[in-house]
Amino acid sequence: MPSLAVIGSQWGDEGKGKIIDYLDEEADLIVRFQGGNNAGHTIVVGDKVFKLHGLPSGVVRPGKLAVIGNGTVVNIEELLQEIEQVESVGGSIEGLRISDRAALIMNYHKKLDGAEEKYRGNKPVGTTKKGIGPAYQDKIARIGFRAGDLLEEDTLKEKISLLIPYKKDLMNMLGAEGCSCTNESLLEKMTGWGEKIGKYICDTGVLINEALDEGKKVMLEGAQGAMLDIDHGTYPYVTSSSTVGGGICSGSGIAPNRLTGCLGVVKAYTTRVGEGPFVTELHGEEEEILQKKGGEFGVTTGRGRRCGWLDLVVVNHAKTLCGFTSLAITKLDVLNDYETLPVCTEYEIDGKRTKYFPGSIKNLEKAKPIYTELKGWKGWDDTEALVKGGYDALPDEMKTYIEFIEKNTGVPADLISVGADRDQTINRKADWWN
């Protein structure tokens, strides 16, 4: 029953999509276990570029089952648009499966998301305004729609009659843009959704567990990153779901003893989108240079990402929460031609050093990074030849950088990414499924 989870070790945007795409060739199922279309993955396959949000990264692999698990929230209208986009560039979604327990994002969730952010005044969370938080709120309040409801007209009628007046009153109270839908128009729209995607909706927990029972290979795909976890991230500047190891089980319907490996994806520097403390953040020209070199603009929002040096306090926090058995280090090529590269290994807070990530936002805002300076490396002309030469062909200074990460985390860096394409990756592990 081999399974492999892939989780971001920072605030998302670590390059998980590429890593999943690289490794999922041998997988039978690829499962998205949390989050919604606030996440974004870019997959480059030859001359085709897939920009995915709600769809699992593995959906572009022919012959695979790509599962949207019960821990996710799904915007059906945007999912249908994304399906159309994938098919327009030659992709297929025949392997798509959607959990009948997955929560649905409604249009009123998006309106409430924007209104709630505005209501916070000068203390915004930095939400993508995709309706993720309000959809999870309804899930926890036990009043939300689930994908399986689209197959039951009576259930839809019952929930719509309860929710429409309630949501309209709530939007009015918060000053949100009004909703013109009626019970009848919403029922018509949602039954239409069921007709379009009903064939993909099933009990994915049964599907995944049966696959594991049969010895099939299951990859579990995290969205965002460990530092955006609702409990263990930089609360309240976090997402609304569990992005760490424990979220795998609750979000997919499998037991902890069915997990056999967890790959942590580490961007060679650090980025984050939205508000919240960022101890190693750069500013001004330094940040702009790194942002441009790395193409650090959000797939989902288009916003420029905040950029800073690698923070191993963050990575080690994620390692503890997720149980990383391997690391994939991405975007090392972005750091080409820097003379020196600072790496944060501790924080100083009120004159005291710590290697542990604090839960207090106020302490994080006061934290100063303690850096170790490493020597940078020169770039190369031929990435294909570099990858063909394997790990030994990398610049010595880059290997020192990688080995510094390994030493300070206690986890082997088994994948090294030196470019955006699938084949610009060095694999140091013989078998990912045992």
Side-chain angles (χ1 to χ4, degrees), residues 31-39 52-56 59 66-84 93 96-116 127-168 170-171 176 179-205 223 230 239-242 247 250-253 300:
V31 181
R32 174 86 173 270
F33 62 85
Q34 53 77 214
N37 59 324
N38 56 335
L52 307 180
H53 303 276
L55 290 172
V59 78
V67 176
I68 298 176
N70 62 274
T72 65
V73 287
V74 184
N75 184 311
I76 299 296
E77 288 188 334
E78 294 193 17
L79 188 71
L80 289 169
Q81 293 172 7
E82 195 169 325
I83 288 169
E84 185 178 336
I93 52 92
L96 177 65
R97 300 292 183 271
I98 303 170
S99 171
D100 56 2
R101 294 171 169 85
L104 299 187
I105 301 171
M106 307 299 289
N107 193 41
Y108 52 71
H109 288 138
K110 295 168 68 176
K111 293 180 177 182
L112 287 167
D113 202 354
E116 288 176 2
T127 170
T128 59
K129 299 182 177 65
K130 292 285 187 178
I132 307 299
Y136 274 115
Q137 287 173 28
D138 279 4
K139 175 179 178 174
I140 298 303
R142 296 160 291 179
I143 59 172
F145 290 103
R146 305 207 294 183
D149 296 342
L150 300 177
L151 308 180
E152 301 174 357
E153 187 171 334
D154 288 346
T155 301
L156 287 179
K157 287 180 179 178
E158 181 182 340
K159 287 190 173 182
I160 287 171
S161 65
L162 166 69
L163 284 168
I164 289 296
Y166 167 55
K167 293 300 180 183
K168 285 187 175 181
L170 184 57
M171 286 188 283
C179 178
S180 60
C181 67
T182 64
N183 289 18
E184 293 75 19
S185 66
L186 186 56
L187 178 63
E188 182 180 358
K189 177 183 285 189
M190 296 185 77
T191 53
W193 292 346
E195 290 168 2
K196 291 177 180 178
I197 67 162
K199 65 179 181 179
Y200 303 116
I201 297 172
C202 65
D203 188 336
T204 56
I230 184 67
T239 195
S240 301
S241 58
S242 177
S250 60
S252 63
T300 300

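The basis for the numbers below is simple: all heavy atoms, side chains too, and nothing from hydrogens, waters or symmetry mates.
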From Leu187 atom CG to Glu153 atom CD, the distance as rounded to the nearest 0.5 Å: 5.0 Å

Glu188 atom CD, over 12 foreign heavy atoms within 6.0 Å: no

Does Glu82 use its side chain to pair, donor to acceptor, with the backbone of Leu55 at less than 3.5 Å? yes

Indicate yes or no for a side-chain donor-acceptor contact from Thr72 to the backbone of Val74 under 3.5 Å, with no hydrogens or angles considered. no

NZ on Lys139 to CG on Asn70, rounded to 0.5 Å: 6.0 Å

Apply side chain to side chain contact (heavy atoms under 4.5 Å, CB included) to Thr182 and Ile164, showing your working. CA-CA 7 Å; Thr182 64; Ile164 289 296; over 6 Å; no

With sequence neighbours left out, the residues meeting side-chain contact (heavy atoms from CB on, under 4.5 Å) with Glu77 are Asn75, Lys189, Trp193

Taking every heavy atom of Asp149 against every heavy atom of Leu156, the minimum-distance pair comes out as O-CG, 3.2 Å

Examine distances only and state if a side-chain atom of Lys159 and a backbone atom of Gly144 form a donor-acceptor pair shorter than 3.5 Å. yes

Measuring only between side-chain heavy atoms, which start at C-beta, is Thr204 closer than 4.5 Å to Val31? no

Assess whether side chain to side chain contact (heavy atoms under 4.5 Å, CB included) is satisfied between Leu79 and Ile68, documenting all intermediate values. CA-CA 11 Å; Leu79 188 71; Ile68 298 176; 4.1 Å; yes

Within the side chain of Tyr200, is there an N or O that forms a donor-acceptor pair under 3.5 Å with the backbone of Val67? no

Note: Lys167-Asp138 ion pair, threshold 4.0 Å (strictly below): yes

